[in-house]
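I have placed the structure first, in the form of structure tokens, so that the comments after it can refer back to it.
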Amino acid sequence: MTDSIICAPMRIEARAIRRGLRGSANPPEVLRTGYGTTRAADRAGQLKPDSFGQMVVMGVGAGLTSDLSPGDLVVGTEVGLVTCASAPLLAGELRRAGLPARTGRIATVDHLVRRSERASLAADGTLLADMESAPLAAAAAGRPVAVVRAVSDTPDHPVAHIVSGGLAALRSLRAAAPVVERWAGACGSRRVLLAGPRSFCAGVERAIEIVERALESRGAPVYVRKQIVHNTRVVGDLEGRGAVFVDELDQVPDGATVVFSAHGVSPMVRAEASRRGLAVIDATCPLVSKVHAEARRFAADGYTVALIGHAGHEEVEGTLGEAPSSTVLVQTPEDVAALRPRDGERVAYLMQTTLSVDEAAEVSGALRERFPSMRAPGSDDICYATTNRQAAVRAVAAESDLVLVAGSANSSNSVRLVETCERVGTPAYLIDSAADIQLGWLTGVSTIGLTAGASAPPAVVEEIISALSGLGPLSVSERVTTTESIRFGLPKEVRQ
Ligand code: SF4
């Protein structure tokens, strides 16, 4: 049995693909399947079910929308009646290789697409039309299948430009061939272990709901100081609905509504908003507000507050601002050694809510050793959501070959989940979406742990599972270490 086959309708397409595979030690077999719907259907009927493990259909095609250019690659998500679930993985890998790749629906028609037809074909979101892919993809009969078509002509570069467009398309097919081979190499059966709990925490859900309700009740634009939560998907979605994210209040017009993010702000920011007459809605997580209150209380009692956290994080900036002359940021045991409190008997510590439990314990241990009478917060500052997600991913990492953590690079708690896995010796990768999964990571991997940071939407986890299922049979199970039922009330400004 040949593991992987690449179906290419025309000789010229097959040749470009074979050239692209020249450096490969064990290239997939490239089958020339014939031009047009009838030949493709005939050839599909001749493919023996057990003659291949996975199939890729490659060739050129007609771009249907004006935002496509000759040479662009379209990776099919749906091709005829076939769903190509791993399309985001392949498109992401193509983009990382420097190729202009998009995902979208591909239609197969029985004639060359006429100029007048493009708009109607594109009306349901279809990006590209060809004359062969659907019957060939159907012949995969449930095995992993991918369809990659290079645009030869578009509404703005119609068939009259086919020579230059066709050459650009063939160049792209050739360049895409080694990437397609990596996709084929990543195919195989796997299992996914989901960490429970994962994804949104109560503070993030509350912050998002505050912005949504503000948009509903006050209309767009609603300004939000900083990212409401550290997730590109969430921010992009709210932006699309009329939220305007700004770095500082001087970007907010006088009298406008401004939401403070879940990470909190310093008193200086509150004072500035009040001076400007801005309508403030505070989405600071109540667990961050608790740390702010502790900072004020310790400082008022004459304590030097050692704040364990990461420099530059918005939450840390906000907490430091509560008592700037009494609070010192300590990030490492070395920072503890360098600490010069006013009175060694009056030292207290606080923590950023999204720290690694292990890392924070190391720094608080160093503080305790140096200042035995040090005061601690009333209850843990590392919040329940951070603690629970780290415990859950630790359990999953122990059983996994690698762990995928859904979350954005600036999400502290998501980065801590990666570090938690690495601490137990399991490689882990932070990804914003399925498209960020590098196919090489999956080589030799049979069990994938999967979690999401507290700011990452559950939908991203679903998308990752769906994309992985396109690489072969996938079993999904969950390891639940604890369940969560915490909910926070909304501020009065958006309660109605
Ligand atoms: S991670 Fe913790 S502190 Fe941060 S918003 Fe969620 S519950 Fe609040």
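The figures here come from the full heavy-atom set of this structure, side chains too, leaving out hydrogens, waters and symmetry mates. The residues of the chain are indexed from 1 along the displayed sequence. Order of listing sets the numbers, starting from 1, for every ligand and every atom in it.
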- Residue selection (non-hydrogen contact nearest atom 6 (Fe) of ligand 1) among Cys201, Gly203, Ala283: Cys201
- Ranking Pro286, Cys383, Ala262 by closest non-hydrogen atom to atom 1 (S) of ligand 1, top hit is Cys383
- Which of the ligand 1 atoms, numbered from 1, are nearer than 4.0 Å to a heavy atom of Tyr384: 7 (S)
- Can you tell me which residue and heavy atom of the protein come closest to atom 3 (S) of ligand 1, and the distance to 0.1 Å? Thr353 OG1, 3.4 Å
- Query: When you measure from atom 8 (Fe) of ligand 1 to every protein heavy atom, which one gives the shortest distance, and what is it?
  - Reply: Cys285 SG, 2.3 Å
- Is it true that the side chains of Thr284 and Asp282 contain a donor and an acceptor less than 3.5 Å apart? yes
- Whether over 12 other heavy atoms sit under 6.0 Å from Arg487 CZ: no
- Distance under 6.0 Å and angle within 45° of the ring axis: does Arg375 meet both against Phe298? no
- How about Cys84 and Val75: do any of their side-chain heavy atoms sit closer than 4.5 Å? no
- Query: After noting the C-alpha distance and the side-chain angles of Thr354 and Thr386, does the key distance pass the side-chain hydrogen bond (donor to acceptor under 3.5 Å, both in side chains) rule?
  - Reply: CA-CA 6 Å; Thr354 51; Thr386 300; 5.4 Å; no
